[in-house]
Amino acid sequence: MRILPLLVASLVTAAPQAAIADALTAVNSARLRGCNASATRIPLQNNLKLQKAAWRLAGGAALHEALATAGYLASESSALHFSGAVSDAQITRMLTANYCRTLINPKLRDMGAERRGREVWMVLAAPVSLPTAADADSVSQHILDLVNAARAAGRRCGAKYFAPVASLTLNSSLTSAALAHSREMAKNAEFDHRGHDGSTPAVRVQRAGYATYRIVGENIAAGAMTPAEVTAGWLASPAHCENIMDGRFTQVGIAYAANLNSAAGMYWTQDFAAPR
């Protein structure tokens, strides 16, 4: 998730009777008719969760905290704060003059605002497009392709270099074990290799039908929203990268589960093994 810093504008105009802005109208006026209006853009929509996030911002919360508390999973987000006599027209002019780079972002879809006297807080965001159960095969294949590309090229994991190794293949039993663990983590909003019943990765792959093995390993992740993001995170972590690059592993299972009421949102598991 990419979060941009809070942007603050002070409007020093003596207009005590100025109407408080209709923030959504002001933003869409600048987005659609200002800021190089020849570009094709869609208007932002009011979002109740982002209204709650803006309320939290007004109370002093950081943007990431406000979004998490409101339960809005954002792929990108930005916050604006206007202080002074903020009429609709004034906000539109300030946005057009200073914040076009934010406003013209085509990924932004939603907005929420909080008004307190002469101050207005806004949150603009793009929702995360989460993979669903129907996407499981394509998501697993995408991650497998990224992992095998890394294995084929060779890679440094922290201080240790791994030479190129053979590709992994997907295994249905390992995938079942990975799915069970991802679902358990999502259900309980917990991030741990150890299951609630005390199970280890080795125990879970045996339960899933992978009865005889020479070696077992596991990578987990929480908070990543796409196959590319979760794989990049694993490869950037020396310990997880070592599992991916370990030539002793020949098979893998890959799965994920979602809990939109949790701070992480998505939970991922890779189970690696080699049959005996």
Side-chain angles (χ1 to χ4, degrees), residues 1-11 13 15 18-132 223-226 229 258 260-261 263-266:
M1 178 175 71
R2 186 164 68 93
I3 296 178
L4 302 180
L6 178 65
L7 306 174
V8 182
S10 294
L11 302 176
T13 150
I20 293 298
D22 177 342
L24 181 64
T25 299
V27 169
N28 279 331
S29 178
R31 177 176 167 91
L32 302 177
R33 291 182 287 279
C35 298
N36 185 18
S38 61
T40 301
R41 304 184 192 104
I42 63 171
L44 300 180
Q45 301 296 315
N46 186 57
N47 183 279
L48 294 178
K49 290 183 177 180
L50 291 186
Q51 283 183 224
K52 182 178 179 181
W55 180 83
R56 295 280 299 176
L57 275 183
L63 179 54
H64 67 87
E65 177 190 344
L67 289 169
T69 302
Y72 187 100
L73 294 176
S75 59
E76 296 192 32
S77 60
S78 184
L80 306 175
H81 176 202
F82 294 91
S83 179
V86 284
S87 71
D88 191 355
Q90 286 172 322
I91 289 182
T92 298
R93 287 196 297 271
M94 183 63 73
L95 287 166
T96 303
N98 299 285
Y99 303 127
C100 280
R101 184 174 180 180
T102 297
L103 289 177
I104 65 175
N105 184 343
K107 296 180 181 179
L108 296 178
R109 291 291 184 272
D110 300 324
M111 179 187 151
E114 170 71 8
R115 303 179 303 177
R116 297 187 182 180
R118 294 185 176 184
E119 294 187 88
V120 177
W121 289 260
M122 303 179 190
V123 180
L124 286 61
V128 166
S129 179
L130 296 177
T132 67
M225 298 301 168
T226 66
E229 184 181 1
L260 300 186
N261 294 318
M266 291 290 292

Between R41 and L32 the two heavy atoms that sit nearest each other are O-CD2, 3.5 Å
Interatomic distance, CG@N46 vs CG@L48, rounded to 0.5 Å, equals 6.0 Å
Here the gap from C35 atom SG to I104 atom CD1, rounded to the nearest 0.5 Å, amounts to 7.0 Å
inquiry  = Do L124 and N105 have side chains that approach each other closer than 4.5 Å (heavy atoms only, starting at C-beta)?
reply    = no
Sequence neighbours excluded, the answer for side chain to side chain contact (heavy atoms under 4.5 Å, CB included) partners of S29 is R33, T92
What's the verdict on side-chain contact (heavy atoms from CB on, under 4.5 Å) for M122 and I91, showing C-alpha distance, side-chain angles and the deciding distance? CA-CA 11 Å; M122 303 179 190; I91 289 182; 3.7 Å; yes
Taken in chain and number order and not counting sequence neighbours, the residues that satisfy side-chain hydrogen bond (donor to acceptor under 3.5 Å, both in side chains) with R116 are E114
Contacts of P131 meeting side chain to side chain contact (heavy atoms under 4.5 Å, CB included) (sequence neighbours excluded), chain-then-number -> D135, V139, Y256, M266, W268
Counting C-beta onward and ignoring hydrogens, is there a side-chain heavy-atom pair between M225 and S75 closer than 4.5 Å? no
Of all heavy-atom pairs linking L95 and A30, the shortest is CB-CB, 3.8 Å
Heavy-atom nearest pair, V123 first then L57, reads CG2-CD1, 3.4 Å
| message | Using a 3.5 Å distance criterion without hydrogens, assess whether the side chain of R101 forms a donor-acceptor pair with backbone atoms of N98. | response | no
- Message: For Y99 and F82, take the angle between the two ring planes, folded into 0 to 90°, and tell me which bin it lands in: parallel under 30, tilted 30 to 60, perpendicular over 60.
- Response: perpendicular
Across all chains, not counting sequence neighbours, the side-chain hydrogen bond (donor to acceptor under 3.5 Å, both in side chains) partners of Q45 are none
inquiry  = Quick check: do R31 and L108 have side-chain heavy atoms less than 4.5 Å from each other?
reply    = yes
dist L50:CG -> R109:CZ (nearest 0.5 Å) comes out at 13.5 Å
Note: L67 and S77 closest approach over all heavy atoms is CD1-OG, 3.4 Å
Self-check item: Polar side-chain atom of K52 near backbone of A70 as donor-acceptor pair, under 3.5 Å
Solution: no
Sorted by chain and number, sequence neighbours left out, side-chain hydrogen bond (donor to acceptor under 3.5 Å, both in side chains) with N28 holds for none
Sorted by chain and number, sequence neighbours left out, side-chain hydrogen bond (donor to acceptor under 3.5 Å, both in side chains) with R56 holds for E65
Heavy-atom nearest pair, A126 first then Y72, reads C-OH, 3.5 Å
Tightest non-hydrogen contact, residues G34 and T96, listed as CA-CG2, 4.3 Å
